[in-house]
Amino acid sequence: MPTRTTAPLPTRVIPPHHYSDPAIFEQEKARIFRRSWMFVGFADDLGGNNDFITAEIAGTSVLVQNFDGQLRAFHNVCTHRGSLIHLKPCGNGKPVCPYHGWVFNRDGVPVGIPGNREFFGFDDEARRRLALPRFEVATRGRFVFVRLEPGGPGLDEQLGAYGALLDHLSALFVEKIDENRLPWAANWKTGVESVLEVYHVDATHPETFKQFTKKVWNCAYEKEHSRGTTHLSDGSVKWWDGVVARLGLPRSELYRNYDHFFIFPNLAIGLTHGGLMSVQTYDPLDAERCSLHFRLFLGATSKPQTRGGPVRRAVEDNLRGFNARVLDEDRIVSEAAHHGMKQMRQPAVPGWCEERIHAFHDAYLTRMGE
Ligand code: FES
Ligand SMILES: [Fe+2]
């Protein structure tokens with residue numbers, strides 16, 4: 001593990017109250033979450049006419065819908081009396097409010113209002129004034145992003161070189177084997193920080209993550225984003241080589257270690273031996289809670305006969321179980337850190353072994369205007 005103990009530690013560290021203060025969370029919404037391209041889901045769920053996905057971006061419910069092949073994003077809140085319109089994370093159907101049945105068209109205008117003539121008397125102009133606010137939507141590969149506030153850099157500019165990374169991953173990792181949303185009693189930044197360093201691995205994950213990695217890592221940076229690479233243990237490489245051959249799984253030609261990418265502000269992508277992709281977002285619910293939304297993907301097998309077979313099932317169970325264990329270990333320490341951070345009088349002291357956290361704090365404080 002490289003050490004840089006002679007250099008002074010950075011002083012630009014997020015102050016403790018930023019991890020629990022509701023006023024700071026309001027500023028984060030305005031300065032970070034509304035102005036960034038936020039990852040909301042995969043184009044896989046938006047392939048057909050009227051397919052939709054929903055997402056919550058720091059307190060704003062959003063729907064993305066396929067209208068005759070074109071993706072459009074709207075506020076997922078009915079302009080009649082405020083019900084959510086689409087209730088499910090994904091599905092197929094026109095935007096019809098479940099409460100009183102208002103129907104919205106591809107411009108977000110309520111074109112179907114039951115009893116309009118008797119109860120409201122809205123003409124076309126009045127209906128247009130009740131249109132759902134529309135948001136920008138853009139895709140890179142199969143990754144779909146929404147930005148709440150218009151203006152600022154385009155998605156490709158925000159991603160920089162990581163745009164090509166998303167293209168590469170989109171082409172490779174097409175079979176989803178798990179997905180879940182887990183409530184964490186922790187600020188979203190505490191969640192993010194738990195995946196930006198491997199310093200915690202020995203103490204937090206002695207039976208899991210520690211067993212499959214070596215103590216060798218390096219980091220790289222791209223705009224507000226970062227990458228950390230950790231070498232896999234010999235036993236882990238052997239296991240993956242066997243699994244990949246047996247199940248005909250493709251692997252990335254570019255990434256063969258444990259390669260972890262962070263895309264500011266809250267998207268984390270981990271690749272294991274180039275054969276497994278984990279995609280995580282730490283979605284803020286309020287200043288003190290977040291929802292960890294994770295998905296696991298494998299590549300398309302060249303041996304389709306193995307799908308549903310005992311070996312494939314055992315491997316998938318193993319990967320799902322391992323992921324669940326590691327995430328629960330991270331949740332426990334993140335919730336402990338969140339609770340304790342509220343009592344800290346001085347800022348945290350991330351060491352050089354936590355250099356990606358420095359980069360995250362730097363990007364965050366710059367966005368917050370500090
Ligand atoms: S709240 Fe949506 S139709 Fe009434
Ligand atoms: Fe961890």
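As the structure lists them, so they are numbered: ligands from 1, and atoms in each ligand from 1. Positions are given from 1 along the sequence.
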* Evaluate the side-chain hydrogen bond (donor to acceptor under 3.5 Å, both in side chains) criterion for residues Gln70 and Arg106: first the C-alpha distance (whole Å), next the side-chain angles of each, then the deciding distance (0.1 Å), finally the verdict. => CA-CA 9 Å; Gln70 193 192 27; Arg106 55 184 291 126; 2.9 Å; yes
Check whether more than 12 heavy atoms from other residues, nucleotides or ligands sit under 6.0 Å from atom [atom1] of [X], and answer yes or no.
X      : atom1 : answer
His339 : NE2   : no
Tyr99  : OH    : no
Arg246 : CZ    : no

* To do: Might you work through the side-chain hydrogen bond (donor to acceptor under 3.5 Å, both in side chains) test for Glu179 and His293, ending with a clear yes or no?
  => CA-CA 7 Å; Glu179 176 169 11; His293 185 175; 2.6 Å; yes
* **Partners passing ring pair (Phe, Tyr, Trp, His ring centres under 6.0 Å) against Phe120 (at least two apart in sequence or in another chain)** =>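 Testing Phe120 for ring pair (Phe, Tyr, Trp, His ring centres under 6.0 Å), a comparison that skips the adjacent residues, returns His80, Trp102, Phe122.
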* Sequence-distant partners of Tyr364, ring pair (Phe, Tyr, Trp, His ring centres under 6.0 Å), two or more places apart ->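 Ring pair (Phe, Tyr, Trp, His ring centres under 6.0 Å) list for Tyr364, sorted by chain: His18.
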* **Donor on one side chain, acceptor on other, Glu193 and Tyr282, under 3.5 Å** =>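 Tyr282 and Glu193 do not have a side-chain donor-acceptor pair below 3.5 Å.
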* Asked: Do Arg325 and Thr208 have side-chain N/O donor and acceptor atoms under 3.5 Å apart?
  ->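 There is no such pair between these side chains.
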* the Fe ion (ligand 2): protein N, O or S atoms that are less than 2.8 Å away, sorted by chain ->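 Protein N/O/S atoms under 2.8 Å of the Fe ion (ligand 2): His200 NE2, His205 NE2, Asp330 OD1, Asp330 OD2.
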* **Polar protein atoms (N, O or S) that approach atom 2 (Fe) of ligand 1 to under 2.8 Å** =>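 You should have found Cys78 SG, Cys97 SG.
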